[in-house]
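All remarks here apply to the structure that follows.
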Amino acid sequence: MSSNNMTKDPLFSLKNRKLLTEPLGKNNPITIQVLGICSALAVTAKIKPAFVMALSVIAVLAISNVIISLLRNGIPPRIRIIVQLVVIATLVILVDQILKAYVFDVSKQLSVFVGLIITNCIIMGRLEAFAMNNKPWQAFLDGIGNAIGYGWILIVVAFFRELLGSGTIYGYKVIPESFYDFGYKNNGLMILPPMALIVVGIIIWIQRSKNKELIEEN
Amino acid sequence: MYSNFYIFKYSAIMVILVAALLSTAAMLLKPAQDRNLEIEKMKSILASANIEATSDDAIDLYKKYITKEIVLNPEGKQIDLYENGEFIDGDERAFDIDLKKQLYRKKNNENYQLPLFVCKKGSETLFIIPLLGKGLWGPVWGNIALKSDFTLVEGVTFGHKSETPGLGAEIDTKEFQKQFIGKRIFNNLGEFTSIKVVKGGIDLLPQNLKIHGVDAISGGTITSNSVADMLNNNLSSYVPYFKKNR
């Protein structure tokens with residue numbers, strides 16, 4: 001796609017809408033590109049941190065995609081990775097500082113996750129693969145799309161891990177006391193990181209069996 | 001193509017801009033952040049005495065309930081007393097003591113200071129001791145409130161910088177902290193026992209030790225152990241004071 005064509009596109013042309021919707025399903029950063037697995041393991045024991053992480057990644061990815069896209073013609077290719085890293089790190093530190101000053105309770109909830117955003121490979125992956133070659137609006141849509149694609153997987157994984165591992169959803173008890181009296185027990189394995197991988201694996205399995213295009217032939 | 005000069009120029013300008021931006025932000029936001037930390041500390045002290053405070057009323061509630069701030073020396077002698085907003089003795093508030101520095105001095109066998117907060121809750125007098133220790137990934141901290149016999153635990157709060165969510169990070173939940181209420185840090189013979197955090201649950205303990213133990217967090221053994229170490233390390237410094245004033 002040449003950038004000349006892009007300028008004539010309306011804001012929500014089919015092509016632009018695809019930027020937003022494809023990462024949700026058939027080009028999902030976690031289940032198809034298998035990026036961002038590390039944070040998917042770390043923050044999905046409970047829904048709340050997963051949710052907050054998803055929101056933070058949406059903000060950081062959208063903004064950094066736009067910034068890099070604006071700078072893309074001036075960035076020397078040999079140091080582009082460093083420039084991308086500086087943009088991400090600056091944004092993350094700023095977000096962290098502002099949260100600490102004005103919404104301290106939220107910042108306490110986030111604690112380590114804000115720092116973890118820097119290491120999220122989806123962000124650098126999108127900057128490198130998309131924002132470096134595309135206009136800001138497209139980069140913005142791509143950022144939002146990929147971050148939501150990442151976020152919904154996180155929340156689904158966290159839902160099952162929290163429900164089966166702790167018997168709660170978003171911190172509220174959903175499994176009644178009487179179940180426990182009959183000998184029901186929370187599955188301790190669910191709150192350990194390996195189960196996040198297994199749940200992600202099950203999602204990938206379901207997704208590929210529904211969508212035959214995604215099955216690799218060999 | 002980009003010349004080397006351009007690359008150097010580009011990176012130099014970028015770094016200077018980012019540094020200026022971040023340091024300005026840090027400076028401007030510092031007062032608000034410090035205030036939040038103070039309020040957080042007050043909330044945590046109050047919460048250990050089972051007084052719920054929000055960010056808005058923490059300062060008022062702190063003034064109302066925490067009537068005395070005492071600084072002790074290692075022999076358990078009172079060196080500073082700050083009561084109802086005035087200094088009665090000495091000139092340092094327990095609230096301003098940097099626990100990290102004091103624990104470091106203790107480790108090096110230097111003279112150190114111990115902060116102690118006295119809380120009047122109805123007719124009851126509670127003694128609140130701040131705690132600090134090392135977790136798995138970073139510091140853990142908290143407060144423990146003791147009844148006036150210095151033995152029975154009224155309540156605790158714990159916090160942490162970066163323990164694993166869902167595992168070690170569970171120390172800051174009510175469910176974990178509730179277990180400490182009504183436990184004892186001295187046994188019947190008057191010996192200091194602290195409170196153990198038991199992997200596998202306190203059901204494994206003999207009957208007479210159950211009152212000095214709580215269940216550890218499954219999957220969070222190292223953090224659970226650091227909570228026990230923190231309690232033991234911090235509380236043991238106060239034993240001379242407890243024995244003197246019991």
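Residue numbers begin at 1 in each chain, while the letters A, B, ... track the order of the sequences.
With a threshold of 4.5 angstrom between heavy atoms, B/Thr173 does not approach chain A through any atom at all. When heavy atoms are compared at a cutoff of 4.5 Å, A/Val83 approaches chain B by way of both its backbone and its side chain. Contact annotation for A/Ile191: both backbone and side-chain heavy atoms come within less than 4.5 Å of a heavy atom of chain B. With a 4.5 Å cut-off on non-hydrogen atoms, B/Leu167 touches chain A through its side chain but not through its backbone. Heavy atoms closer than 4.5 Å to chain B are found in both the backbone and the side chain of A/Lys100. Only the side chain of B/Leu22 comes within less than 4.5 Å of a heavy atom in chain A; its backbone stays farther off. Using a 4.5 Å cut-off between heavy atoms, A/Arg78 contacts chain B through its side chain alone, with no backbone atom that close. Heavy atoms of B/Glu170 lying under 4.5 Å from chain A belong exclusively to its side chain. Residue B/Lys9: no heavy atom, backbone or side chain, is found under 4.5 Å from chain A.
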Subject >> Criterion ring-ring contact (aromatic ring centres under 6.0 Å, His included) on B/Tyr238 and B/Phe127, from CA distance to verdict >> reply: CA-CA 11 Å; B/Tyr238 292 82; B/Phe127 292 83; over 10 Å; no

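Under the 3.5 Å distance criterion, with hydrogens and angles disregarded, no donor-acceptor pair is assigned to the side chains of B/Ser226 and B/Asp229. Of the N and O atoms on the side chains of B/Asn84 and B/Lys68, not one donor lies less than 3.5 Å from an acceptor on the other residue. Using modelled atom types, one finds no donor on one side chain facing an acceptor on the other under 3.5 Å when comparing A/Asn186 with A/Ser166.
Note that the CH2 atom of B/Trp141 and the CG atom of B/Leu99 stand 12.0 Å from one another [nearest 0.5 Å].
Between B/Tyr6 and B/Tyr10, the two ring planes are tilted [angle within 30° to 60°].
The greatest number of non-hydrogen atom pairs below 4.5 Å with chain A, out of B/Asn36, B/Leu21, B/Val15, is found for B/Asn36. In terms of heavy-atom pairs under 4.5 angstrom with chain B, the leader among A/Gly165, A/Ala45, A/Ala101, A/Pro193 is A/Ala101.
Checked for salt-bridge contact, B/Asp60 and B/Lys64 miss the test: no charged N lies under 4.0 Å from a carboxylate O.
At least one donor-acceptor pair under 3.5 Å links the side chain of A/Glu162 to the backbone N or O of A/Ile47.
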